[in-house]
Amino acid sequence: MTFGILEDKHLKDVPGTALLSDLGVVHGQQVTIDEAGTLKRGTGRHAHVILVPQPSDDPADPLNWPRWKKEACFWTLAFAASLDGALSPMVGPGYVLLSSQFGVSVDEVASSFGAILLGLACFMLLQGSLAVKFGHRIVYLFSVTLMFISCIWCAVSPNMASIRASRVFQGFGMSALQSLVASTIEQIYFVHERGNRSVIWSFSIMSGITLGPLLYSYVVQNLSWQMGFWFVSIPLGIAMLLVFFFVPETTYRRPDSSTNGKSQNSPVKPDNEKTSVDEHSISAASENNVTHKPSYLSQLKIWHGTFSDESLFKIFLRPFPFLLSPVTIYIFLVHGMQTVWLSLLPICSSTIFTIEYGFNASQIGLTNLGGIVGIVLATAITGPLTDWGTIWLSKRNKGIYEPEFRIFFISTMLMGTFGYAGWAVGTTHNMPWIGAVACLALANFSMVTSGSAAVTYLLDTHGPNALHVLALSNFFKNIVLYSFTFFANGMVESRGVRVSLLILAGCQTFCWLGSTPMYVFGKRIRSWIARHPQLFAGERKEESRRA
C-alpha cells in the first residue's frame with residue numbers, strides 16, 4: 001500500500017500512475033531514479049520534475065507553446081469563466097423584489113431566471129461533442145458570442161416568457177466555460193501544473209457567482225433589473241474579442257511516439273523496485289514528425305477543419321458509457337452536487353436574509369462578501385499547495401505519482417459541512433449577520449479547494465476523456481439544481497432556515513463520504529477501467545491513438 005492506496009493485482013502498469021519526479025526519498029536520503037535520464041523535465045525549480053505527458057518536438061504542440069501564449073489563453077478563459085459564473089445567480093438578491101413587481105411567487109421568479117440551468121444542462125453534452133469534432137476554439141467563440149447576444153435579449157425582455165427563453169440560450173452559451181476549460185488545461189499544461197490552474201479556474205467561476213449578485217443587488221435596488229444585464233453585456237463584448245485574439249486552437253493530434261527506441265511496455269523501475277508507471281504518460285516523442293511553427297494570423301482562423309473521423313452522432317454518444325465508471329459517480333458527488341448545495345444559497349439568499357434579518361436587495365448582495373473572502377483565501381492557500389503537495393508525496397513514493405494523492409485535498413469538503421451546520425445552529429441563538437457571512441465563506445472555501453482537486457483528479461485518471469465525464473456530471477448537476485428552483489424558496493419558508501441548512505449540511509457530508517473508498521480503491525478502479533475497454537469506447541480510441 002502507498003499511503004493507504006491499495007495496489008492493483010491485475011495490471012503491471014496502471015494508467016494514471018506516472019513517474020513524476022526523478023528524486024525519491026528513501027530513509028531521508030534523496031536518490032536518483034534509474035532510467036529517467038532520457039525523459040524531458042521541467043525548468044527552474046521544477047527541473048527535477050519529469051514532464052507528464054512527454055511533449056513532442058513539434059512547435060505546434062500546445063505543450064510546447066511559449067509561456068506567454070499559454071498564460072494569455074488560460075487567463076482569457078478564466079476571465080470569461082468569471083462572467084459565466086455571474087450570469088446564473090446574479091438576480092438572486094432581487095427575487096423578492098421582482099416577485100412584487102411581476103405579481104408572482106418568489107419560486108416562479110426563481111424558476112424563470114433559473115431556466116438558464118436548463119439550457120446549461122441540455123447543451124452541456126453537445127458542446128463537448130462539438131469540441132471533439134471541430135476543436136475547442138470555435139466552441140469557445142460560439143459560446144461567448146451567444147452569452148453576449150442572449151444577455152441583451154434578456155435586458156429587453158417584456159415579460160416572464162421572454163426572460164425564460166433568453167435565459168435558456170444564455171445557458172447554451174455558458175456550458176463550454178463550465179466544463180471545456182478542464183480539457184484545455186489538460187491540453188496545454190503538464191500534470192504538475194494542472195492543480196494550480198484548476199484552482200484558478202474554480203476561483204474565476206466562484207468569484208463570478210459571488211460578485212455577480214453583489215453588484216447586481218445595487219442595480220436592481222436603485223435602477224432596474226434590466227440595467228444589470230446591460231452592464232454585464234459590456235465585459236462580455238470584451239471577452240468576445242479576447243477569445244478571438246488570444247485563444248487559439250488547443251486540440252492537437254499527437255503522432256506516434258517512442259522512447260529512444262525502447263519498448264513502451266518496459267516500465268521504469270526506481271531503486272530496483274517493481275513500481276510500474278503509465279508507459280503512455282512517460283514515453284518520449286523524439287522521433288515525431290516536426291512541422292513548422294504556425295504563424296499568429298493562421299491561428300486566428302475560426303474554422304480549422306475536423307479533428308475526428310467519427311460522426312458527430314457517435315461522438316455525442318461517447319460520454320454515456322462513462323456512466324459505468326466509478327470516477328464519474330465520485331466526481332458527480334464531490335464536485336457536481338457540492339456545486340448544487342452552494343448554488344442554492346444565492347437562489348434562496350433573498351428569502352433567507354429577508355426572513356432572518358429583514359434585509360433589502362442591496363444588503364442581501366453584500367452578504368456575498370463572505371463568499372469572496374472564502375474563495376480568495378482558498379486560491380491563495382491551495383493554488384500552490386495542491387501541485388507542491390502532489391510533488392512532495394511523489395518524492396516520498398520513490399518518484400511515483402498516484403492520482404489519488406489529489407483526494408487528500410477533497411477532505412476540505414468538511415469545511416462546507418461546518419459552514420452549513422454552523423449557520424443552522426446560529427439561527428437558533430440569534431447569531432448576527434456577520435456570523436452567517438462567515439459561514440458562507442467556509443462553504444465557498446470548501447468548494448474551491450475540494451472542487452479544483454476533484455477536477456484535477458479527473459484529468460489525471462481519464463485524461464482527454466475527462467471532458468466526457470465532466471459534461472455528464474455538469475448535465476445532471478444542472479438538472480438537479482434547476483429542479484430545486486421550483487420549490488427551494490418555498491421549502492425555506494415552510495420548513496424554516498435552520499432545518500433547510502441542516503439538510504444541506506447532511507447532504508454535503510454524505511457526498512464527502514465517497515472520498516474514503518475512492519482513495520483506498522482508486523488504483524484498482526483505474527485498473528478495472530483499463531481492463532474493460534469495451535465499456536469505454538472513448539477511452540479505447542484515445543489509448544489506441546496514443547499508443
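In this chain, residues are counted from 1 in sequence order. In this text the structure is predicted, and so the values were computed from the model without any measurement.
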Participant: Is the NZ or CZ atom of Arg406 positioned over Tyr519's six-membered ring, under 6.0 angstrom from the centre and within 45° of the axis?
Facilitator: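 Cation-pi check for Arg406 and Tyr519: fails.
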
Participant: Would Lys523 and Glu404 pass as an ion pair if we require N to O under 4.0 Å?
Facilitator: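 Salt bridge between Lys523 and Glu404, a charged N being under 4.0 Å from a carboxylate O: no.
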
Participant: Specify the closest pair of heavy atoms between Leu180 and Ala131, including all atoms of both residues, with the distance to one decimal.
Facilitator: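 Smallest heavy-atom distance, with atoms named: CD1-CB, 3.6 Å.
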
Participant: Hey, do the aromatic rings of Phe134 and Trp303 have their centres closer than 6.0 Å?
Facilitator: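 Close enough - the centres of the two rings lie under 6.0 Å apart.
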
Participant: Do Val247 and His136 come within less than 4.5 Å of each other through their side chains, counting heavy atoms only?
Facilitator: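 In short, these two side chains do not touch, never coming nearer than 4.5 Å.
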
Participant: In Å, rounded to the nearest 0.5 Å, how long is the span from CH2 of Trp230 to SG of Cys154?
Facilitator: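 Output value for this atom pair is 10.5 Å.
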
Participant: Can you give me the closest heavy-atom contact between Gly173 and Leu146, atom names plus distance?
Facilitator: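 Result for this residue pair: N-CD2, 3.7 Å.
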
Participant: Say whether, by atom type as modelled, one donor and one acceptor occur between the side chain of Arg137 and the main chain of Phe244 under 3.5 angstrom.
Facilitator: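 Indeed, once roles are kept as given, a pair shorter than 3.5 Å links the two residues.
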
Participant: Check for a donor-acceptor pair, side chain of Tyr296 on one end and backbone N or O of Phe245 on the other, with a separation under 3.5 Å.
Facilitator: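 Between the backbone of Phe245 and the side chain of Tyr296 there is a qualifying donor-acceptor contact (under 3.5 Å).
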
Participant: On a heavy-atom basis, which atom in Ser112 and which in Arg164 lie closest, and how many Å separate them?
Facilitator: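 Taking Ser112 first and Arg164 second, the nearest heavy atoms are OG-NH2, 2.7 Å.
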
Participant: Of all heavy-atom pairs between Thr250 and Pro62, which one has the smallest distance, and what is that distance?
Facilitator: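 Where Thr250 meets Pro62 most closely, the heavy atoms are O-CG, 3.3 Å.
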
Participant: Would you say that more than 12 heavy atoms from the other residues, nucleotides or ligands in this model lie under 6.0 Å from the CZ of Phe313, or not?
Facilitator: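 Count not over threshold, so no.
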
Participant: Are the side chain of Gln338 and the backbone of Val334 linked by a donor-acceptor contact shorter than 3.5 Å?
Facilitator: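 Yes: the side chain of Gln338 pairs with the backbone of Val334.
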
Participant: Looking at Asn478 and Asn474, would you say the former's side chain and the latter's main chain have a donor-acceptor pair under 3.5 Å?
Facilitator: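 Here the side-chain-to-backbone pair exists.
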
Participant: Compare all side-chain heavy atoms of Tyr140 with those of Val181 and state whether any distance is below 4.5 angstrom.
Facilitator: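 Tyr140 reaches Val181 side chain to side chain.
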
Participant: Run the side-chain contact (heavy atoms from CB on, under 4.5 Å) test on Gln170 and Cys151 for me, step by step, so that the C-alpha distance in whole Å, both residues' side-chain angles and the decisive distance to 0.1 Å come before the verdict.
Facilitator: CA-CA 7 Å; Gln170 275 184 8; Cys151 201; 4.0 Å; yes

Participant: Let me confirm one number: the CG-OG distance from Leu83 to Ser233, rounded to the nearest 0.5 Å.
Facilitator: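 Going from the CG atom of Leu83 to the OG atom of Ser233 covers 10.5 Å.
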
Participant: Compare all side-chain heavy atoms of His335 with those of Met447 and state whether any distance is below 4.5 angstrom.
Facilitator: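 They are in side-chain contact.
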
Participant: Rounded to the nearest 0.5 Å, what separation is found between the NZ atom of Lys301 and the CD atom of Glu249?
Facilitator: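 Here the rounded value is 10.5 Å.
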
Participant: Could you work out, with ring pair (Phe, Tyr, Trp, His ring centres under 6.0 Å) as the rule, every residue matching His532, not counting sequence neighbours?
Facilitator: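 His532: ring pair (Phe, Tyr, Trp, His ring centres under 6.0 Å) contacts with Trp528.
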
Participant: Hey, could you give me the CD1/CD1 distance between Ile331 and Ile329, rounded to the nearest 0.5 Å?
Facilitator: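 It is 11.5 Å, given to the nearest 0.5 Å.
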
Participant: Which is it for Thr17 and Arg526 under the side-chain contact (heavy atoms from CB on, under 4.5 Å) test, yes or no, and what are the steps along the way?
Facilitator: CA-CA 9 Å; Thr17 300; Arg526 286 186 281 122; 3.2 Å; yes

Participant: Quick one: closest heavy-atom pair of Thr251 and Gly135, and the distance?
Facilitator: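 Of all heavy-atom pairs spanning Thr251 and Gly135, the closest is OG1-CA, 3.8 Å.
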
Participant: Is any side-chain heavy atom of Tyr482 less than 4.5 Å from a side-chain heavy atom of Ile116?
Facilitator: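 Heavy-atom side-chain distance check fails, nothing below 4.5 Å.
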
Participant: Angle between ring planes, Phe169 versus Trp153, binned at 30° and 60°: parallel, tilted or perpendicular?
Facilitator: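 Geometry flag for Trp153 against Phe169: tilted rings.
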
Participant: Are side-chain heavy atoms of Leu130 and Leu312 found at a separation under 4.5 Å?
Facilitator: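 In short, these two side chains touch, coming nearer than 4.5 Å.
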
Participant: Taking the side chain as every heavy atom from C-beta outward, state whether Arg197 and Ile188 have any atom pair closer than 4.5 Å.
Facilitator: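 Side-chain contact under 4.5 Å: no.
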
Participant: Could you measure the distance from the OH atom of Tyr401 to the CG atom of Asn397? Nearest 0.5 Å is fine.
Facilitator: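 Spacing of OH (Tyr401) from CG (Asn397) equals 11.5 Å.
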
Participant: Evaluate the criterion side chain to side chain donor-acceptor pair (under 3.5 Å) for residue pair Gln127 and Ser143; output intermediate values, then yes/no.
Facilitator: CA-CA 9 Å; Gln127 58 87 23; Ser143 295; over 6 Å; no

Participant: Would you check if Val469 and Tyr330 make a side-chain contact, meaning some heavy-atom pair closer than 4.5 Å?
Facilitator: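 Sidechains of Tyr330 and Val469: no contact.
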
Participant: Any chance you could lay out the side-chain contact (heavy atoms from CB on, under 4.5 Å) test for Leu342 and Thr339, step after step, and finish with the verdict?
Facilitator: CA-CA 5 Å; Leu342 190 61; Thr339 307; 5.9 Å; no

Participant: Return the CG to CZ distance between Leu87 and Arg167, rounded to the nearest 0.5 Å.
Facilitator: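 One gets 6.5 Å once the value is rounded to the nearest 0.5 Å.
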
Participant: So do Leu481 and Leu120 actually touch side chain to side chain, heavy atoms under 4.5 Å?
Facilitator: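 No - every pair of side-chain heavy atoms lies 4.5 Å or more apart.
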
Participant: Specify the closest pair of heavy atoms between Gly237 and Phe148, including all atoms of both residues, with the distance to one decimal.
Facilitator: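 That would be N-CD1, 3.7 Å.
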
Participant: Not counting sequence neighbours, which residues clear ring pair (Phe, Tyr, Trp, His ring centres under 6.0 Å) with Trp65? List them please.
Facilitator: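 Not a single residue meets the ring pair (Phe, Tyr, Trp, His ring centres under 6.0 Å) criterion with Trp65.
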
Participant: Surrounding CZ of Phe74 (heavy atoms of other residues, nucleotides or ligands, distance under 6.0 Å), is the total greater than 12?
Facilitator: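 Yes.
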
Participant: Report the residues that fulfil side-chain contact (heavy atoms from CB on, under 4.5 Å) with Lys314, sequence neighbours left out, ordered by chain and then residue number.
Facilitator: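 For Lys314 the side-chain contact (heavy atoms from CB on, under 4.5 Å) partners, ignoring immediate neighbours, are Glu310, Ser311.
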
Participant: After noting the C-alpha distance and the side-chain angles of Phe229 and Ser166, does the key distance pass the side-chain contact (heavy atoms from CB on, under 4.5 Å) rule?
Facilitator: CA-CA 11 Å; Phe229 288 94; Ser166 67; over 6 Å; no

Participant: Does Phe79 offer a backbone N or O that forms a donor-acceptor pair with the side chain of Ser204 under 3.5 Å?
Facilitator: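 Looks like no, no N/O pair under 3.5 Å.
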
Participant: Ring-plane angle category for His462 and Phe322, please: parallel below 30°, perpendicular beyond 60°, tilted otherwise.
Facilitator: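 Perpendicular.
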
